[in-house]
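Working notes, structure below.
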Number of protein chains: 2
Amino acid sequence: MATRDPDRKRQQLMDAALAEFAEYGVAGARVDRIAGRAGISPGLVYSFFAGKEGLFDAVYEAIAEQTVDAVPIDADDLPGYAGRLHDAAAQNPQVMRFLAWYALERGERPVSEMVARSMDEKITAIEAAQRGGTVRSDRSAGEILALVLALANMWQHHTEDVGRLVPDAQRRTVITDAVRHLVTPQQPPRG
Amino acid sequence: MATRDPDRKRQQLMDAALAEFAEYGVAGARVDRIAGRAGISPGLVYSFFAGKEGLFDAVYEAIAEQTVDAVPIDADDLPGYAGRLHDAAAQNPQVMRFLAWYALERGERPVSEMVARSMDEKITAIEAAQRGGTVRSDRSAGEILALVLALANMWQHHTEDVGRLVPDAQRRTVITDAVRHLVTPQQPPRG
DNA sequence: CCTCGCTTAATGAACGTTCATTTGACAAGT
DNA sequence: ACTTGTCAAATGAACGTTCATTAAGCGAGG
């Protein structure tokens, strides 16, 4: 175990930054606090990243990479897919909150290459399922995907008032049932 | 027209604050910039409000009051209600953005009395519609309301990537169709 | 001993807030 | 009508703090 371990410090810094940014956003985050959480000195931040903003962007890149393909789509079982998206979100509230900040503070940026490709793959998968008859075809794949994502994340995006409407235990079912109603063809494929 | 007009200045200040907060949030907002936008001096802010934070809270109160009852619920036509919510949101992107900041920066606060009452009224209305047979009864009114609100605001809450999935012109229809599918009883009330 | 990792301290700008001062409105006194 | 007194409205410079960033120094490992 080396007393000098840049890679470990770098990782600690990223973890601390995620926690801080998730809590306060970029503008509200404090470099000293991040360094404190990471157990390093404030100055060291600048030998790893291009300042606070650079750190924020680096955290986003890391998160996007991990998150985008964390829940692979199963277009033949969109209710299950939505449920799994919900589970992943519920297990990583920090990441969800970070992404909410990102949408507000960096929202003007063009969609990253990786995210765009991931979206295209999902669209393609849904179109295949539509041809296969497991997903209704009277709506475009883009609309289907937008609905699935909106419902899967419905408990994240709202203010506290909406959260109180349904107890935690039933939230997953609300999502999966709703998606089932929306994407299942009127004439089910077999009987 | 008086050259001294505190009420007018106060209103200008609130408008400018809404614009600034919607763009940058509390932490990113600059008092000097708000004063500049409002055409007043920075010092005057403090004779109206309790500093930047107080101004933010004041703007929230004003917005909440205007917004909560801007779109009255019609529980017998929830698709239409969702559509109207969508229209209101689309026409006031600044307000929507402000509320998104509020959810992140003030989310821990207890739900205000006014908002809670408004929610209760909506629940009551939906329960009445369920008894009347215009809304399906196999889901609780809370679940129905959560779904309606989630769908009505689905285009606001997501990052840019999801926005690209469906062109503007079709977004309203996506919402109203989805709500119709989800809340209409399987056996329609009359044939 | 020399390089690299890291810390501590210093720097300087940005920013919220305060406050002494000025400006404008208005009415009482003449 | 014209001062003059008074108070609220409003200004804008100054203050003190916070904070991101940089610079200087130090100690360990090869």
Side-chain angles (χ1 to χ4, degrees), chain A residues 1-62 98 101-102 104-106 108-109, chain B residues 1-62 98 101-102 104-106 108-109:
Chain A
M1 171 100 42
T3 58
R4 300 288 181 87
D5 193 341
D7 290 346
R8 209 171 88 90
K9 296 244 159 122
R10 189 189 160 92
Q11 187 55 48
Q12 287 173 349
L13 181 52
M14 296 270 298
D15 293 345
L18 171 57
E20 174 81 5
F21 287 136
E23 198 166 350
Y24 301 107
V26 198
R30 297 292 168 247
V31 175
D32 285 9
R33 235 170 8 209
I34 295 174
R37 288 189 203 236
I40 66 173
S41 66
L44 190 56
V45 172
Y46 296 84
S47 65
F48 285 123
F49 301 98
K52 186 167 75 162
E53 305 270 328
L55 179 54
F56 183 76
D57 293 338
V59 171
Y60 174 76
E61 293 296 328
F98 179 93
W101 285 109
Y102 186 89
L104 283 174
E105 300 189 306
R106 290 275 191 280
E108 69 285 353
R109 289 202 183 175
Chain B
M1 168 110 34
T3 57
R4 295 288 181 92
D5 191 341
D7 290 346
R8 209 170 88 92
K9 295 243 159 122
R10 190 190 158 93
Q11 188 55 49
Q12 287 173 350
L13 182 53
M14 296 269 299
D15 293 345
L18 170 58
E20 175 81 5
F21 287 136
E23 199 167 348
Y24 301 107
V26 198
R30 298 294 168 248
V31 175
D32 285 9
R33 229 163 22 202
I34 295 174
R37 287 191 204 235
I40 66 173
S41 63
L44 191 56
V45 172
Y46 297 83
S47 66
F48 285 123
F49 301 98
K52 187 166 75 160
E53 305 269 329
L55 179 54
F56 184 75
D57 294 337
V59 171
Y60 173 75
E61 293 296 329
F98 179 93
W101 285 110
Y102 186 89
L104 284 174
E105 302 190 302
R106 291 276 191 279
E108 68 285 356
R109 289 201 183 176

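Below, read A as the first sequence line, B as the second, and so on, with proteins coming before strands; counting in each chain starts at 1.
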One pair to check against side-chain contact (heavy atoms from CB on, under 4.5 Å): A/Glu53 and A/Glu105. What are the steps and the verdict? CA-CA 11 Å; A/Glu53 305 270 328; A/Glu105 300 189 306; over 6 Å; no
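- Atom CD of A/Glu53 is separated from atom C1' of D/dC19 by 13 Å (rounded to the nearest Å).
- For the pair A/Leu13 CG and C/dC6 P, the computed distance is 11 Å after rounding to whole Å.
- If you take CD1 of A/Ile34 and P of D/dC19, they are 12 Å apart, rounded to a whole angstrom.
- Side chains of B/Gln11 and B/Asp7: no donor on one and acceptor on the other come within 3.5 Å.
- One can place CZ of A/Arg8 at 15 Å from C1' of C/dC6, the figure rounded to the nearest angstrom.
- For the pair A/Arg30 and D/dA20, the criterion of a side-chain N or O lying under 4.0 Å from OP1 or OP2 is met.
- Between B/Glu23 and B/Arg33 there is no salt bridge, since no side-chain N of the basic residue sits under 4.0 Å from a carboxylate O of the acidic one.
- Using a 4.0 Å heavy-atom criterion, one finds that B/Ala29 contacts the sugar-phosphate atoms exclusively.
- Note on A/Gly51: only backbone sugar-phosphate atoms sit closer than 4.0 angstrom, heavy atoms only; bases stay farther off.
- Here the nucleotide nearest the side chain of B/Pro42, chosen from D/dA10, D/dT21, D/dG12, is D/dG12.
- Checked against C/dT7, C/dT17, D/dA10, the side chain of A/Ile40 finds its nearest nucleotide in C/dT7.
- Atom OH of B/Tyr46 is separated from atom C1' of D/dA9 by 18 Å (rounded to the nearest Å).
- The CZ atom of B/Arg33 sits 19 Å away from the C1' atom of D/dG12 (whole-angstrom rounding).
- Listed candidates were C/dC6, D/dC19, D/dT11. Nearest to the side chain of B/Lys9 is D/dT11.
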Dump the intermediate steps for side-chain contact (heavy atoms from CB on, under 4.5 Å) on B/Phe48 and B/Leu55, then the final yes or no. CA-CA 8 Å; B/Phe48 285 123; B/Leu55 179 54; over 6 Å; no
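- Atom C1' of nucleotide C/dC4 and atom CZ of A/Phe48 are separated by 12 Å, given to the nearest angstrom.
- Residue-to-nucleotide proximity on DNA chain C shows that, of B/Ala50 and A/Leu44, the 5′-proximal contact is made by A/Leu44.
- Here the C1' atom of nucleotide C/dT17 and the CZ atom of B/Phe49 are 16 Å apart, to the nearest Å.
- Classified by interplanar angle (parallel below 30°, tilted 30° to 60°, perpendicular above 60°), the ring pair A/Tyr60/A/Phe98 is parallel.
- Among C/dT8, D/dG12, C/dG16, the nucleotide with an atom closest to any side-chain atom of A/Ser41 is C/dT8.
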